[in-house]
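The block underneath contains the structure these notes are about, expressed in structure tokens.
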Amino acid sequence: MMKSWYWRVAAAFLGVATLYLVAAAPASAGEVNLYSSRQPFLIEPLLDSFTKETGIKVNMVYLKKGMQERLKAEGLNSPADAILTADIGRLHNHAKAGLLQPVTSSVLDTNIPVQYRHPDGLWYGLTVRARVIFVHKERVKPGEVTSYEDLADAKMKGRVCTRSGKHVYNVSLLASIIEAKGKEAAADWARGLKANLARRPQGNDRAQVKAVFEGECDAALGNTYYMGKMAANEKEPVQKKWAAAVRIIFPNQDGRGTHVNISGAGVTKSAKNKENAIRLIEFLSGDFAQKIYAERNFEYPVKAGVPLHPMVASWGEFKADKAFLAKVAEQRITATRIMDQVAFNN
Ligand code: FE
């Protein structure tokens with residue numbers, strides 16, 4: 001009788017102790033499932049830090065392509081709580097397809113400038129890149145090219161290279177021109193740029209700098225971080241030569257500023273771990289993550305006051321187009337139509 005009473009108390013105590021231990025263990029903080037089209041090398045170290053800080057486990061699925069199709073097919077059964085992707089075009093398309101849900105967070109509103117987030121919190125920018133002009137150091141004289149408009153001017157006939165006019169980066173750039181100057185002016189620009197091309201649009205942004213290096217053209221459109229990726233490329237050192245052949249022009253400094261774009265994040269409509277997803281995005285917008293996230297890919301932090309990678313800093317300060325990216329994104333359909341109208345890729 002005495003023995004049984006003793007064991008019952010002991011068992012109850014152990015039960016409480018076990019419950020307490022489970023509650024205190026990091027595992028109870030739960031998890032968050034992330035679909036990312038951003039490369040693992042960029043964000044894995046940050047996800048590890050996030051888990052250390054919060055106890056929240058991050059399960060990341062890297063999807064180089066097809067994220068939107070996958071989320072659509074999975075519907076509300078999707079395991080994804082949050083997405084990470086690059087370019088306003090992709091963020092906007094996920095939002096328009098009804099795959100993201102609104103988020104309110106004073107942390108995100110404080111860390112992320114208003115032009116780099118969706119007005120209803122469907123997506124948030126986390127890193128910034130500028131779409132600049134890479135010009136040959138000698139063949140393009142100082143002051144010869146200072147704006148996107150210069151690329152469409154007759155003086156650049158046969159001297160410009162670019163990737164496809166239908167690629168998200170170029171569609172977003174054209175959308176920013178529509179937002180700034182209207183449809184007609186944007187169509188004229190696209191027509192003028194096409195008339196100046198040294199070759200049919202092809203390859204990626206780096207391939208254009210290679211073409212400048214090889215003398216095929218004198219000026220090319222490209223995103224800033226590619227300069228860093230080429231100039232510091234130990235795997236393919238020939239890219240250092242491509243980078244060394246050009247200098248960066250931040251266009252339209254006397255006017256609306258250089259077109260910038262973002263990589264960003266959103267919480268999915270299907271999220272089962274919504275609070276954890278918000279915490280993860282908040283973490284990525286904070287000083288610690290911002291520095292590492294931007295540095296690793298030679299991008300600009302979205303949060304003000306975060307130090308730049310020394311090479312990025314060496315490119316100098318520039319004035320960015322202040323247009324709200326959510327508004328610019330609304331012009332993407334028109335931009336795509338213009339690219340077709342002017343037969344940009346033909
Ligand atoms: Fe890119």
Side-chain angles (χ1 to χ4, degrees), residues 35-44 46 60 62-68 83-94 116 123-134 148 161-176 201-213 219-236 239-240 242-243 246 248-251 258-266 284 290 292-302 308-309 311-312 315 318 320-321 325 328-329 332 335-336 339 344-345:
Y35 281 4
S36 172
S37 69
R38 304 228 77 198
Q39 295 171 67
F41 89 93
L42 269 175
I43 51 161
E44 265 166 2
L46 294 172
M60 186 190 78
Y62 171 55
L63 298 167
K64 195 173 178 187
K65 279 188 174 144
M67 189 196 290
Q68 197 179 322
I83 64 159
L84 272 187
T85 189
D87 201 279
I88 184 63
R90 296 198 186 99
L91 291 165
H92 176 78
N93 287 343
H94 279 84
Y116 301 138
W123 47 257
Y124 291 87
L126 290 171
T127 63
V128 175
R129 61 281 296 284
R131 192 140 185 84
V132 295
I133 304 170
F134 297 116
Y148 298 113
C161 283
T162 183
R163 75 193 309 164
S164 165
K166 302 294 265 307
H167 187 274
V168 278
Y169 298 162
N170 280 340
V171 171
S172 291
L173 170 61
L174 184 57
S176 79
Q202 59 197 270
N204 55 21
D205 278 0
R206 277 187 253 201
Q208 316 313 316
V209 180
K210 178 176 186 258
V212 173
F213 167 75
L221 284 165
N223 286 353
T224 37
Y225 53 88
Y226 288 116
M227 186 62 158
K229 287 163 100 78
M230 291 184 293
N233 203 317
E234 299 303 335
K235 261 195 201 159
E236 211 189 317
Q239 292 193 13
K240 295 181 183 183
W242 309 348
V246 299
I248 295 179
I249 304 285
F250 288 100
T258 299
H259 167 61
V260 291
N261 209 310
I262 52 172
S263 81
L284 293 174
Q290 278 288 294
I292 298 171
Y293 198 3
E295 241 176 21
R296 281 182 95 86
N297 201 40
F298 303 97
E299 288 183 82
Y300 297 91
V302 77
L308 302 178
H309 185 292
M311 193 195 304
V312 176
W315 302 333
F318 71 97
D321 187 339
L325 290 183
V328 170
R332 295 186 84 261
T336 306
M339 288 298 194
F344 194 86
N345 287 345

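As the structure lists them, so they are numbered: ligands from 1, and atoms in each ligand from 1. These numbers were taken from a predicted model, which means no experiment stands behind them.
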Does S263 form a side chain to side chain donor-acceptor pair (under 3.5 Å) with R38? I'd like the steps, not just the answer. CA-CA 9 Å; S263 81; R38 304 228 77 198; 3.2 Å; yes
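By the 30° and 60° cut-offs, the orientation of the rings of F298 relative to H309 is tilted. The aromatic rings of Y226 and Y169 sit tilted, their planes meeting at an angle between 30° and 60°.
Looking at Q290, its side chain does come within 3.5 Å of a backbone N or O of L126 through a donor-acceptor pair. Judged purely by atom type and a 3.5 angstrom limit, T162 has no side-chain atom pairing as donor or acceptor with the backbone of L221.
Any protein N/O/S atom under 2.8 Å from the Fe ion (ligand 1) was counted, giving 3 altogether.
Salt-bridge annotation for R131 and D205: present, with a side-chain N of the basic residue lying under 4.0 Å from a carboxylate O of the acidic one.
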